[in-house]
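Side chains included, hydrogens not; waters and symmetry mates left out as well; all remaining heavy atoms used.
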Amino acid sequence: ALTIQVVVENAKLLRPIWELTDADMGYVSLQLSPKNATDAEQMIKEAKWVWGQLEQELGGVPNCVFKVPGTKAGIDVAGELTSCKMGVNVTVNFSLPQQIAFAGVIEKCSNTKVSYRTQMDGRVDDPVGDELKEYVADWEEAKTWCTTAIRQREYRLLNFTPQRGGLGFTKSRPLPASGRGPWNILRSIHNEPEVPLWLTVFPNRQVEFDAEPRELDPNGMWTPLPAGTLDKLYKSKLFRQAYEPDGMTVDEFDTYLPVVKTLTQFNEGYDTFVKWVSEK
């Protein structure tokens with residue numbers, strides 16, 4: 001109930017933007033309970049109930065999207081919710097196999113205008129770096145190119161038109177998040193015509209980025225990897241799983257290390273939140 005009120009207040013602030021852009025911008029993301037991340041039925045039930053509450057509070061169609069986890073169960077949730085005209089924002093999402101699965105189901109099922117596919121940059125870059133320590137001397141630099149490589153391949157495959165060798169998907173937008181430094185921002189800028197790319201930045205990373213002048217490249221997303229970097233990244237199993245279109249099966253999503261670590265942290269945060277509310 002408290003989460004709904006927080007979302008409602010923010011949705012009200014953004015609603016004029018949502019109205020002026022004909023529902024293209026001005027959305028709030030509401031994350032479904034991480035406790036149900038592997039239970040499609042419960043997530044769908046929760047989302048539809050919350051949607052009803054939001055409709056009452058906002059007096060019409062909510063300018064909100066549901067954050068759905070990139071788990072096996074989440075695929076069915078994304079398909080069902082978007083077919084019911086509820087936008088989603090796929091989170092706990094790190095790999096090309098996950099992006100392919102969720103982009104595919106959204107493209108097939110969606111009856112809503114806007115959905116997003118978040119790529120949690122730092123949450124896969126960091127564990128890839130941990131694996132590279134054993135094999136690569138400059139592992140700290142190499143890991144900063146991990147999600148750059150994944151994003152370039154993701155956009156080419158999913159969002160380029162068939163004439164350009166892609167699938168031409170348009171119903172879900174890429175969204176970089178959880179960046180660890182200015183490079184994540186600089187390499188998320190693009191001016192491709194097919195699908196806009198949206199970027200979220202932690203406040204402390206925004207301060208870091210703005211602390212000094214920086215030259216913005218409108219094609220920064222396509223910055224070439226330095227020579228030999230991809231070979232270095234391939235020494236990490238986590239990177240290979242994330243970079244190859246068939247690097248994982250759907251059944252492996254729930255046991256992929258970044259998924260496990262992120263859901264564990266989200267669940268711990270949820271428990272802390274509930275404890276805080278109960279003590280008030």
Side-chain angles (χ1 to χ4, degrees), residues 1-33 43-44 46-69 77-78 80-93 102-103 106-107 109-121 155 159 169-179 184-186 188-210 214 216 218 220-221 266 269 273 277:
L2 183 56
T3 298
I4 289 172
Q5 292 306 312
V6 172
V7 169
V8 164
E9 290 306 308
N10 284 281
K12 287 178 179 177
L13 289 171
L14 291 171
R15 204 156 178 86
I17 297 172
W18 182 77
E19 292 171 344
L20 287 168
T21 61
D22 191 25
D24 189 62
M25 298 171 64
Y27 288 88
V28 181
S29 287
L30 191 163
Q31 184 148 345
L32 298 175
S33 171
M43 284 191 282
I44 292 169
E46 175 188 357
K48 290 183 175 180
W49 181 82
V50 169
W51 190 260
Q53 302 300 306
L54 295 173
E55 284 181 317
Q56 292 181 34
E57 293 273 4
L58 294 169
V61 176
N63 53 313
C64 302
V65 293
F66 286 111
K67 295 193 83 172
V68 174
V77 179
E80 173 65 16
L81 296 188
T82 57
S83 72
C84 295
K85 299 184 178 181
M86 304 179 200
V88 300
N89 179 1
V90 184
T91 186
V92 196
N93 187 26
F102 280 91
I106 293 170
E107 200 72 17
C109 299
S110 181
N111 289 312
T112 190
K113 185 167 186 177
V114 172
S115 286
Y116 305 91
R117 291 177 286 105
T118 289
Q119 173 84 23
M120 306 184 83
D121 290 13
Y155 197 93
N159 298 125
F169 288 175
T170 61
K171 294 185 178 181
S172 57
R173 300 166 171 178
L175 193 158
S178 299
N184 291 113
I185 299 172
L186 292 169
S188 296
I189 301 171
H190 84 127
N191 62 355
E192 294 291 347
E194 285 89 354
V195 174
L197 183 145
W198 298 76
L199 176 65
T200 58
V201 182
F202 292 129
N204 63 320
R205 299 302 181 189
Q206 178 183 333
V207 170
E208 178 187 5
F209 188 85
D210 290 340
R214 300 182 190 277
L216 303 182
M221 187 173 80
F266 283 6
F273 174 61
V277 172

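The two residues Met120 and Ser178 have their closest heavy-atom pair at CE-OG, 3.8 Å. Residues Gly87 and Ser115 come closest through the heavy atom pair CA-OG, 3.6 Å. Between Tyr155 and Val195, the closest heavy-atom pair is OH-O, 2.7 Å. Counting all heavy atoms, side chain and backbone alike, Val201 lies closest to Gln206 at CG1-N, 3.6 Å. Here the shortest heavy-atom pairing between Ser172 and Asn159 reads O-ND2, 4.1 Å. Nearest heavy-atom pair, Gly179 versus Asp121, reported as atom, atom and distance to 0.1 Å: CA-CB, 4.4 Å.
At least one donor-acceptor pair under 3.5 Å links the side chain of Arg214 to the backbone N or O of Phe209. When atom types are taken as modelled, the side chain of Glu46 and the backbone of Ser33 share a donor-acceptor pair closer than 3.5 angstrom.
Taking the side chain to side chain contact (heavy atoms under 4.5 Å, CB included) definition, one finds that Glu55 meets it with Trp51, Pro62, sequence neighbours left out. Evaluation of the side chain to side chain contact (heavy atoms under 4.5 Å, CB included) rule for Phe273 yields Leu2, Thr3, Val277 as partners, not counting sequence neighbours.
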Output, in order, the C-alpha distance, side-chain angles, deciding distance and verdict of side chain to side chain contact (heavy atoms under 4.5 Å, CB included) for Phe266 and Val92.
CA-CA 10 Å; Phe266 283 6; Val92 196; 4.0 Å; yes

Side chain to side chain contact (heavy atoms under 4.5 Å, CB included), that's the test. Do Glu208 and Asn204 meet it? Break it down for me.
CA-CA 6 Å; Glu208 178 187 5; Asn204 63 320; over 6 Å; no

Pair Val61, Trp18 - check side chain to side chain contact (heavy atoms under 4.5 Å, CB included), show working.
CA-CA 11 Å; Val61 176; Trp18 182 77; 4.2 Å; yes

With side chain to side chain contact (heavy atoms under 4.5 Å, CB included) as the criterion, how do Ile4 and Trp49 come out once you've worked through the C-alpha distance, each side chain's angles and the decisive distance to 0.1 Å?
CA-CA 11 Å; Ile4 289 172; Trp49 181 82; 3.8 Å; yes

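Residues Met221 and Pro176 are not in side-chain contact: their nearest non-hydrogen atoms beyond the backbone lie 4.5 Å or more apart. Between Pro174 and Arg117, the closest side-chain pair of non-hydrogen atoms falls below 4.5 Å. Contact of the Thr112 side chain with the Lys171 side chain is not registered, since no non-hydrogen atoms from C-beta on lie closer than 4.5 Å. Residues Cys64 and Phe66 form no side-chain contact, since every pair of their non-hydrogen atoms from C-beta on lies 4.5 Å or further apart. By the 4.5 Å heavy-atom criterion applied to side chains, Glu192 and Leu197 are not counted as neighbours. Within the 4.5 Å cutoff, the side chain of Phe102 has no heavy atoms near those of the Val88 side chain.
Here CD of Glu80 is found 5.0 Å from CD1 of Ile44. Values are rounded to the nearest 0.5 Å. Here OG1 of Thr82 is found 12.5 Å from NZ of Lys85. Values are rounded to the nearest 0.5 Å. One distance of note links CG of Leu81 with NZ of Lys48; it measures 7.0 Å at 0.5 Å rounding. Glu19 CD to Leu14 CG: the interatomic distance, rounded to the nearest 0.5 Å, is 11.5 Å. Residue Asn184 holds its CG atom at 9.0 Å from CG of Leu199, rounded to the nearest 0.5 Å.
Side-chain N/O atoms of Thr118 and Asn89 include a donor and acceptor closer than 3.5 Å.
Contacts classified as side-chain hydrogen bond (donor to acceptor under 3.5 Å, both in side chains) and involving residues 57-69 (residues at least two apart or in different chains) are given here: Gln5-Glu57, Arg15-Asn63.
More than 12 heavy atoms of other residues, nucleotides or ligands sit less than 6.0 Å from atom NZ of Lys113.
Screening Val8, Asn10, Val6, Leu54 for a side chain to side chain contact (heavy atoms under 4.5 Å, CB included) with Leu30, the sole residue that qualifies is Leu54.
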